Amino acid sequence: MPRAAPTSAIRHLGRFQLLRLLGKSARTMLWLVDDPQVDRERVLVLPRGRPPEAQSLQHWLAAAHKASRIDHPGLLPVVEVGEYDRWPYIAYDRGSAVTLAERLGGQGLASTELVPWALQVLAGLAFAHEAGIAHHDLQTGMLVLAEGGDCRLMGLGVALPPPAVGSGLQAQHQAAERDVLALGLVLHHALAGAPALDQSDVGSVIARLAPLGRDTVRLPWTGMHSIPEALRAIVNRATDCQARQRYRSARTLERALGGWLKTEGESGEGPIALLLDRMRAAGLLPAMPGGASRAVRMAAMERERTIELAEVALQDVGLAFELLRRVNGPRSRGALGAGSGTILTLRRAIALVGLDGVRHAAQALRPWPGPLGEAHADDLARLVNRVRLAGRVAQWLRPAGYDAEVVYLLALMQNLGRLALQYHFPEEAAQIRRLMLPAADGEPEGPGMSEHSASFAVLGVAVDALGQAVARHWGLDDAVLQMIRRLPLTAPVHAADNDDDMLRLSASCANEVVDSQGLPTHQRAAFLLRVVQRYGPVLGISLREVQLAAQGLAPDKVASVDGAAPACGPDLAAPTPAPAAPQTAGQACSA
């Protein structure tokens with residue numbers, strides 16, 4: 001590609017006096033110029049070489065005029081589209097603004113300063129993409145920072161599509177994805193304080209990443225500014241070495257960054273606030289098919305059958321959660337005379353609200369599947385089945401003496417975030433699942449993301465944080481909030497200091513056993529072995545019991561058929577008697 005003549009040889013471009021080169025890449029350059037026509041400084045953005053022929057020049061000018069007509073607060077307004085001596089340019093007002101490249105220096109920016117600027121640019125970039133216009137050479141110098149805190153993108157329409165990109169809808173998608181990758185590299189540079197791969201030209205870095213190259217770009221762990229974990233996950237996803245893991249549109253990156261900023265700033269907005277708002281309209285979950293109606297029929301019987309009714313309610317995850325919500329709020333506990341402890345059995349909840357309360361709770365649920373379409377309803381049904389299996393596994397593997405219903409419900413509640421995500425954010429849940437998938441057979445790429453990182457990358461907040469927010473909204477106390485927080489896969493398992501710790505470990509172990517079924521077949525045996533190595537000394541479980549539970553088989557029943565003694569206590573088919581007083585976190589052992 002032809003290069004521009006050196007500064008010493010070119011001092012003017014038409015009426016413009018060239019003052020200083022602000023930036024350049026292999027495809028574009030930015031000049032600070034003086035415009036005597038208006039007696040003020042402007043910025044000219046030009047291609048690095050003249051169009052080779054008159055037809056190419058006219059094509060460039062037509063594309064630039066089209067791009068200049070896109071009006072959005074995230075895009076810097078164009079002052080002039082023109083050419084001199086076959087050098088085409090787009091002119092912008094300089095004013096008191098500086099480019100991000102000028103602002104950065106070598107120290108980088110704080111995340112709370114950078115992200116609002118990035119969101120403004122992403123909104124403008126998404127608007128341009130939706131109009132069919134891509135940038136094609138997004139660099140740090142193309143972001144313009146004004147004194148008022150606004151950040152806008154310039155240079156739209158300067159770089160024509162590279163030869164490798166054809167025409168049509170597919171080419172537009174490819175160009176848009178390349179722009180999003182480029183902006184991810186700009187964010188990387190701004191946070192790290194240095195360009196990725198020590199290349200100031202973003203286009204040169206892209207050429208070294210998949211699918212064109214094999215280099216990897218990850219944010220460093222040290223620098224002038226700390227980078228929050230969630231933001232790190234978002235930016236690393238934007239530049240991921242696996243092309244399939246990256247953001248596919250400016251809107252998805254904008255949503256992730258926006259969710260992080262609103263949650264980080266505690267502004268009362270973001271995914272958590274949106275979730276709580278949607279819960280007010282649609283509840284946490286819909287009624288399971290047939291479950292709530294059966295509970296209503298049972299509650300209509302003259303003779304109170306609390307234990308039988310609790311068994312029915314436990315099969316409907318939405319109803320079980322609704323009953324716990326109704327009895328655990330501070331006002332509810334006072335009105336029902338339930339004391340100050342958190343209630344963790346449906347037996348006690350039903351005894352407190354009465355049959356009318358059960359009826360009202362069941363009738364308050366949205367019929368299955370609520371607002372979900374067929375495909376998303378199938379996804380929710382599969383997740384509910386997995387969660388219920390986790391509850392049964394927790395019963396099978398719990399140490400002797402612990403209440404079956406309590407450990408069942410805790411295993412369910414460790415999935416509050418997953419369930420809320422699937423019901424209220426089904427598209428985002430699908431994105432997270434895709435990011436967690438390993439590369440297809442034959443691809444030279446690595447494993448998928450962890451659920452934790454994928455959730456940060458999509459929502460800007462962890463799935464577990466959604467579950468914690470729901471539990472706080474219900475009024476559950478700090479002890480229960482800790483018990484429903486799953487033990488991280490990398491955390492060591494220590495001896496339980498109290499009953500709360502034992503219940504948390506039992507539920508966490510059960511959820512890991514069930515999650516093993518989502519792994520590739522060749523990885524499951526090793527994963528289950530690690531589960532036993534971690535939890536076995538504390539819970540007293542064997543590899544055989546864990547393997548059976550992973551297949552959905554109750555180890556004690558299989559052991560009984562084999563002539564061995566049962567390894568676990570009874571499950572919900574033979575529930576323990578209801579206690580006379582409300583069960584709290586510290587009273588979870590059955591008598």
Side-chain angles (χ1 to χ4, degrees), residues 1-51 60-61 64 67-68 75-109 113-114 117 120-121 135-160 182-183 185-186 189-190 193-196 198-205:
M1 181 177 291
R3 292 186 174 274
T7 308
S8 58
I10 297 181
R11 293 298 182 186
H12 288 82
L13 184 71
R15 73 177 191 274
F16 300 108
Q17 181 185 357
L18 305 180
L19 301 177
R20 180 161 52 94
L21 183 66
L22 295 177
K24 64 180 179 179
S25 70
R27 307 187 63 212
T28 59
M29 53 185 170
L30 290 78
W31 278 93
L32 178 64
V33 302
D34 180 69
D35 186 353
Q37 196 173 75
V38 291
D39 192 24
R40 68 175 63 177
E41 291 183 346
R42 297 202 191 279
V43 175
L44 297 188
V45 188
L46 310 87
R48 281 295 296 273
R50 292 186 178 99
W60 189 99
L61 291 169
S68 70
L75 302 175
L76 192 64
V78 171
V79 172
E80 180 183 340
V81 175
E83 60 92 13
Y84 177 79
D85 192 24
R86 289 198 304 110
W87 276 106
Y89 61 82
I90 296 180
Y92 299 89
D93 261 333
R94 167 74 162 182
S96 59
V98 297
T99 68
L100 179 61
E102 291 175 293
R103 173 72 170 75
L104 279 178
Q107 297 184 344
L109 296 173
E113 184 178 20
L114 173 66
W117 292 338
Q120 294 176 45
V121 169
H135 192 287
H136 298 299
D137 196 41
L138 206 154
Q139 307 279 342
T140 54
M142 297 291 188
L143 276 64
V144 181
L145 310 175
E147 279 188 349
D150 288 334
C151 183
R152 295 180 172 186
L153 180 66
M154 65 178 173
L156 202 67
V158 174
L160 293 177
L183 187 55
L185 292 167
V186 168
H189 182 174
D198 294 322
Q199 290 277 351
S200 58
D201 183 354
V202 169
S204 298
V205 179

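Model, not experiment: these values are computed from the prediction. Side-chain atoms are counted along with the backbone in the values below, which use heavy atoms only and exclude waters and symmetry mates. Numbers here are sequence positions counted from 1.
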Side-chain donor or acceptor of R48 paired with backbone N/O of S25 under 3.5 Å: yes
For Y92, ring-ring contact (aromatic ring centres under 6.0 Å, His included) partners two or more places apart: none
Rounded to the nearest 0.5 angstrom, the CD-CE distance for Q139 and M154 is 11.0 Å
Starting at CZ of R42, measure out to CG of D34 and round the result to the nearest 0.5 Å. 10.0 Å
Calculate, to the nearest 0.5 Å, the distance between atoms NZ and CG belonging to K24 and L30 respectively. 12.0 Å
Student check: side-chain heavy atoms of V186 and M142 closer than 4.5 Å: no
Looking at every non-hydrogen atom in both residues, tell me the closest pair between G155 and H135 and how far apart they are. C-NE2, 3.5 Å
Working to the nearest 0.5 Å, report the span between CZ of R103 and CD of E113. 4.5 Å
What pair of heavy atoms forms the shortest contact from H189 to P195, and how long is it? CD2-N, 3.5 Å
Judged by atom type as modelled, is there a donor-acceptor pair below 3.5 Å linking the side chain of Q120 to the main-chain atoms of C151? yes
Would a distance-only check, ignoring hydrogens and angles, find a side-chain to backbone donor-acceptor pair under 3.5 Å from H12 to G14? no
Give, for atom OG1 of T140 and atom CG of L183, the distance between the pair rounded to the nearest 0.5 Å. 11.0 Å
Check the pair L44 / L13 against side-chain contact (heavy atoms from CB on, under 4.5 Å), numbers first and verdict last. CA-CA 10 Å; L44 297 188; L13 184 71; 3.9 Å; yes
Expected output: side-chain D35 to main-chain Q37 donor-acceptor under 3.5 Å: yes
side-chain contact (heavy atoms from CB on, under 4.5 Å) partner of L138, chosen from L153, V202, L156, L185: L153
Which atom pair, heavy atoms only, marks the closest approach of I90 to G157? CD1-C, 4.4 Å
Donor-acceptor pair, distance only, cut-off 3.5 Å: does the side chain of W60 make one with the backbone of V158? yes
Which pair of heavy atoms, one from Y89 and one from E83, lies closest together, and at what distance? CE2-N, 3.5 Å
Sub-3.5 Å donor-acceptor pair from the side chain of R40 to the main-chain atoms of G95, do we have one? no
Minimal non-hydrogen separation, P47 against P88, with atom names: CD-O, 3.4 Å
Return the minimal non-hydrogen interatomic distance between V205 and A196, and the atom names on each side. CG2-O, 3.5 Å
Tell me whether D85 contacts the main-chain N or O of W87 through its side chain, where contact means a donor paired with an acceptor under 3.5 Å. no
So CG of L114 and CG of L104: to nearest 0.5 Å the spacing works out to 8.0 Å
Under the criterion side-chain contact (heavy atoms from CB on, under 4.5 Å), which of D150, L109, V144, L143 is the partner of W117? L109
